Amino acid sequence: MDDKDRALAEDRVDAGEAPLTTDQGIRVDDTDNSLRAGERGPTLMDDFHAREKLTHFDHERIPERVVHARGAGAYGHFKVTDPLTDHTIAQFLTDTSLETPVFVRFSTVAGSRGSSDTVRDVRGFAVKFYTQQGNFDLVGNNFPVFFIQDGIKFPDFVHAVKPEPPNEIPQASSAHDTLWDFVGLQPETTHMMMWLMSDRAIPRSYRMMQGFGVHTFRLVNAEGVSTFVKFHWRPLLGTHSLVWDETQKVAGKDPDFNRRDLWEAIETGDFPEWELGVQLIPEEDEGRFDFDLLDATKIVPEELVPVRPVGRLVLDRNPDNFFAETEQVAFHLANLVPGIDVTDDPLLQARLFSYLDTQLIRLGGPNFPQLPVNRPIAEVRNHHRDGYHQSVIHTGQASYHPNTLSGGCPVLAGEGAYVHYPEQVNGPKIRKRAVSFADHYSQATLFWNSMSAWERDHIVAAFRFELGKVRRAQIRAQVVANLNNVDHDLAVKVAEGVGVDPPPQGPVNHGRSSPALSQDRQPQSAATRKVAILVADGVSAADVAAVASAVDDIGAIGEVLAPRDGMVRAADDGNVGVTRALPTVGSVLYDAVVVPGGEESARTLAKDGLAVHFLAEAFKHGKTVATVGAGTALLEAARLDTGEGVVRGEGPADAAFLDALTSALAVHRHWNRDVDRVPA
Ligand code: HDD
């Protein structure tokens, strides 16, 4: 157990056999009846237990995060594999012997704390490294760019995307007039909106999404030389998404979908892993790009500056208490360790103020760093005193520097102190955007050009869905006009879908692309995917066993679903256990569907509307669909022909069928299908 885990262990209070007490340690023998005068008399004020219990309950809620309110977190460790010794003195990035404890919180941005996980939104990817040099917080997102260039616009952007003031509608959605009104008037948002309308905004799992530091930061080495750096997180499971129709349905079937997915994966030992990578740019190269490194709406294409692997992040422990840990964790960009510094990116600069400011009100004053989840493993020694919830009992008379009464302690750190990079700064006080920030479309076009055909289809459909919810025609028209500067064909396709006149030919598309931006060529793996095995009385138990075993062998998770919970009678012998009853789940909670053989079972399922819909919906969402022998009756009942990712076995479930099934499962989705005609 490392220092952080040990420190946290001391803070954990488990239920155990200890008797019930008040907060004052007074033992209580009855918490079901308040103290009253006579069995039917008035409750007495003497009842300090009932009063304390109700009072504490009345004060349990704290303000949710003003953005990123909805999230899920986990503990883990980071280990450097390719030291950055030439570029930084940050020990956790140079010392391969270190295993640095971390806490990671994933989140959506717009939704309230109780909103659904599966919405179209950016995802927060905040990592707190408890390093021996102090806490370093890399507070990123799953997109590499941001909506705006200057943090002063953040309140405006958030007000525009949040539910509208008159009626607080819609919850956790960008599909409404105020957001698109703001976006239409702020072309700098265009690149980010392309990402938001792409499948990147509807991740299949927190474990299957990239992370980015977004801003250009600095690494500073032992000689004081600064190198610009962009941080990347790459999931070993690949970057995969839901489809939009599925996303909306999951929000209803299981609003905690991504939170549950992360929790269950860690509980079952499927520890999610990311590779930390960096793009390194020598300071002298700052001017060699056709974009400004200080502009958070721009990426550095990987084809220009490759991502260099640095280390591995593994999440391997769930919190014990959501509120104490995930809700109270506080990330801040200003939590920097020696060897890492900031740049003059105006969005980053504003964030250096905002996080501490918001945490003061959210976590009740300046002592939130003393909360176990925020506490560094590096020793804390300073003259900060008092304040709400002060839990440190400082001793000695001197709470000031310099002093003689405490022998001058704590003395100023010499070696190892944080040294701000001595960047030369000058210039007149001025409210003016640099001309190098003026290009709002080239990289939006780069993103569009980098998409595969199915990704482009999804982006057009998303713009149509979102603008379709916008009531005011002039807002729709303004957005289409902006898109015309990205790509004329895109703008025309969106216009056609939302009743806007197609725009005249816009600027010529520059034709450049960055293949790294597409999700089309992700590592193929079925690991940890969920496979539904549909059964009814009369199913072939041998088929079920063979499929379940093959699914387990590739690290996927098979669940047996039937019209009713409990057991189904097998055609061959005995019974087959049911994991879930069909009415309590839905195809959207699974990555694939298999229908084993057995005449009676197939006939029953083919007559069961839920089962037929389950299969048709999975097909429509591009998922692997497989049948064995008579199980094909369900495909016929759903009027689904064969196609990419449809695996039919003559039966029984033999090696050839199982090979075809596992190969199809490794492909996240099968897009070459005619799904528009499927009524699901
Ligand atoms: Fe932020 C929270 C990420 C721009 C102000 N932000 C917050 C969280 C993440 C990000 C992941 C949740 C942290 C957690 O899980 O507790 N924010 C970003 C990224 C940005 C960004 C990647 C752009 C590159 N943020 C941004 C700006 C501002 C803020 C421009 C203000 C000027 N962000 C906040 C905040 C939050 C926050 C209001 C709300 C809760 C919190 O800080 O602790 O201060």
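Computed from a prediction, not measured in an experiment: that's the story for all the values here.
Separating the CG atom in Asp457 from the CE atom in Met451 is a distance of 12.5 Å, to the nearest 0.5 Å. The distance from the CG atom of Leu196 to the CG atom of Asp121 is 6.5 Å, given to the nearest 0.5 Å. To the nearest 0.5 Å, the span separating OG on Ser241 from NE2 on His668 amounts to 6.0 Å. Atom CE in Met197 sits 11.5 Å away from atom CG in Leu490 (nearest 0.5 Å). Taking NZ from Lys298 and OG1 from Thr216, the interatomic distance works out to 11.5 Å, rounded to the nearest 0.5 Å. From Tyr590, atom OH reaches atom NZ of Lys623 across 10.5 Å, with rounding to the nearest 0.5 Å.
At distances below 3.5 Å, at least one donor-acceptor pair connects side-chain atoms of Thr88 with backbone N or O atoms of Ala90. Checked by atom type and distance alone, the side chain of Gln186 never pairs as donor or acceptor with a backbone atom of Val183 at under 3.5 Å.
Every residue two or more places apart in sequence or in another chain that forms a side chain to side chain contact (heavy atoms under 4.5 Å, CB included) with Val380 is listed here: Pro376, Asn382. Among residues two or more places apart in sequence or in another chain, the side chain to side chain contact (heavy atoms under 4.5 Å, CB included) test is passed with Asp245 by Lys249, His621. With sequence neighbours left out, Glu379 forms a side chain to side chain contact (heavy atoms under 4.5 Å, CB included) with Arg381. In terms of the ring pair (Phe, Tyr, Trp, His ring centres under 6.0 Å) criterion, residue partners of Phe78 (sequence neighbours excluded) are, by chain and number, Phe92, Phe129. Residues satisfying the side chain to side chain contact (heavy atoms under 4.5 Å, CB included) test with Asp344, not counting sequence neighbours, are Leu294, Gln349, Glu423, Val425. Arg260 is linked by a salt bridge (charged side-chain N to carboxylate O under 4.0 Å, His left out) to Asp254, counting only residues two or more places apart in sequence or in another chain. Here Phe368 pairs with nothing under the ring pair (Phe, Tyr, Trp, His ring centres under 6.0 Å) rule; sequence neighbours left out.
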Just list the side-chain donor-acceptor pairs under 3.5 Å for residues 269-276, sequence neighbours left out, or say none.
residue: Glu273; atom: OE2; partner: Arg312; partner atom: NH1; Å: 2.7
residue: Trp274; atom: NE1; partner: Met209; partner atom: O; Å: 3.0

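Side-chain atoms of Asn141 and Phe146, non-hydrogen and from C-beta on, do get closer than 4.5 Å to each other. By the 4.5 Å heavy-atom criterion applied to side chains, Met194 and Thr445 are not counted as neighbours. Contact annotation: the side chain of Asn258 approaches that of Tyr206 to within less than 4.5 Å [non-hydrogen atoms, C-beta and beyond]. In this structure the side chain of Leu348 reaches within 4.5 angstrom of the side chain of Phe217, judged on heavy atoms. For the pair Ile557/Val531, no side-chain contact is recorded, criterion being any heavy-atom separation below 4.5 Å from C-beta on. Taking the side chain as every heavy atom from C-beta outward, Leu446 and Pro301 approach each other to under 4.5 Å. With a 4.5 Å cut-off on side-chain heavy atoms, Arg351 and His332 do not count as touching. Using a 4.5 Å heavy-atom threshold, the side chains of Val305 and Leu280 count as separate.
Listed by first and then second residue, the salt bridge (Lys or Arg N to Asp or Glu O under 4.0 Å) pairs that reach into residues 433-450 are Glu188-Arg433, sequence neighbours excluded. Evaluation of the salt bridge (Lys or Arg N to Asp or Glu O under 4.0 Å) test over residues 200-215, restricted to residues two or more places apart or in two chains, returns Arg204-Asp261, Arg204-Asp591, Arg207-Asp261. The list of salt bridge (Lys or Arg N to Asp or Glu O under 4.0 Å) pairs with a residue in residues 510-523, not counting sequence neighbours, reads Asp290-Arg512. Judged as a salt bridge (Lys or Arg N to Asp or Glu O under 4.0 Å), the pairs with a partner in residues 129-151 (not counting sequence neighbours) are, in order, Lys128-Asp137.
Dense packing is recorded around CG of Leu352, with more than 12 heavy atoms of other residues, nucleotides or ligands lying under 6.0 Å away.
A donor-acceptor contact under 3.5 angstrom links the side chains of Ser226 and Arg218, judged on distance only. Under 3.5 Å, the side chains of Ser174 and Glu466 contain a donor-acceptor pair of N or O atoms. No hydrogens or angles considered: nothing links the side chains of Asn221 and Asp86 as a donor-acceptor pair under 3.5 Å. A donor-acceptor contact closer than 3.5 angstrom is absent between the side chains of Asn374 and Gln328. Side chains of His191 and Trp195: a donor-acceptor N/O pair is present below 3.5 angstrom, by distance only. In summary, the side chains of Asp345 and Thr343 do not present any donor paired with an acceptor at a separation below 3.5 Å, with no hydrogens or angles considered. Side-chain N/O atoms of Gln210 and Asn142 include no donor and acceptor closer than 3.5 Å. Side-chain contact annotation: Ser513 with Asn449, donor-acceptor N/O pair under 3.5 Å absent.
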(message) side-chain contact (heavy atoms from CB on, under 4.5 Å) for Thr624 and His670? Distances and angles first, verdict last.
(response) CA-CA 7 Å; Thr624 294; His670 306 276; 2.9 Å; yes

(message) Could you walk me through whether Gln91 and Thr100 satisfy the side-chain contact (heavy atoms from CB on, under 4.5 Å) test, starting with their C-alpha distance in whole Å, then the side-chain angles of each, then the deciding distance to 0.1 Å, before giving a yes or no?
(response) CA-CA 10 Å; Gln91 288 163 3; Thr100 303; over 6 Å; no

(request) Assess whether side-chain contact (heavy atoms from CB on, under 4.5 Å) is satisfied between Asp117 and Arg70, documenting all intermediate values. (result) CA-CA 7 Å; Asp117 281 340; Arg70 171 75 188 181; 2.7 Å; yes

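The aromatic ring centres of Phe212 and Phe231 sit 6.0 Å or more apart.
Closest approach of Thr326 and Gly73 over heavy atoms only: CG2-N, 3.6 Å. Listed here is the closest heavy atom pair of Met208 and Thr528: CE-OG1, 3.9 Å. Heavy-atom minimum distance, Gly151 versus Ala350: CA-CB, 3.5 Å. Closest approach of Gln359 and Phe331 over heavy atoms only: NE2-O, 2.7 Å. Between Ile340 and Leu336, the closest heavy-atom pair is O-CB, 3.8 Å.
Annotation: cation-pi geometry satisfied between Arg317 and Tyr75 (NZ/CZ under 6.0 angstrom from ring centroid, within 45° of ring axis).
Using the six-membered ring where Trp is involved, Phe291 and Phe289 have ring planes that are parallel, under 30° apart on the 30 and 60° scheme. Ring geometry, Phe157 versus Phe147: the interplanar angle falls under 30°, so the pair is classed parallel (tilted spans 30 to 60°).
Comment: Glu64 does not engage Arg362 in a salt bridge, judged by the lack of any side-chain N to carboxylate O separation of less than 4.0 angstrom.
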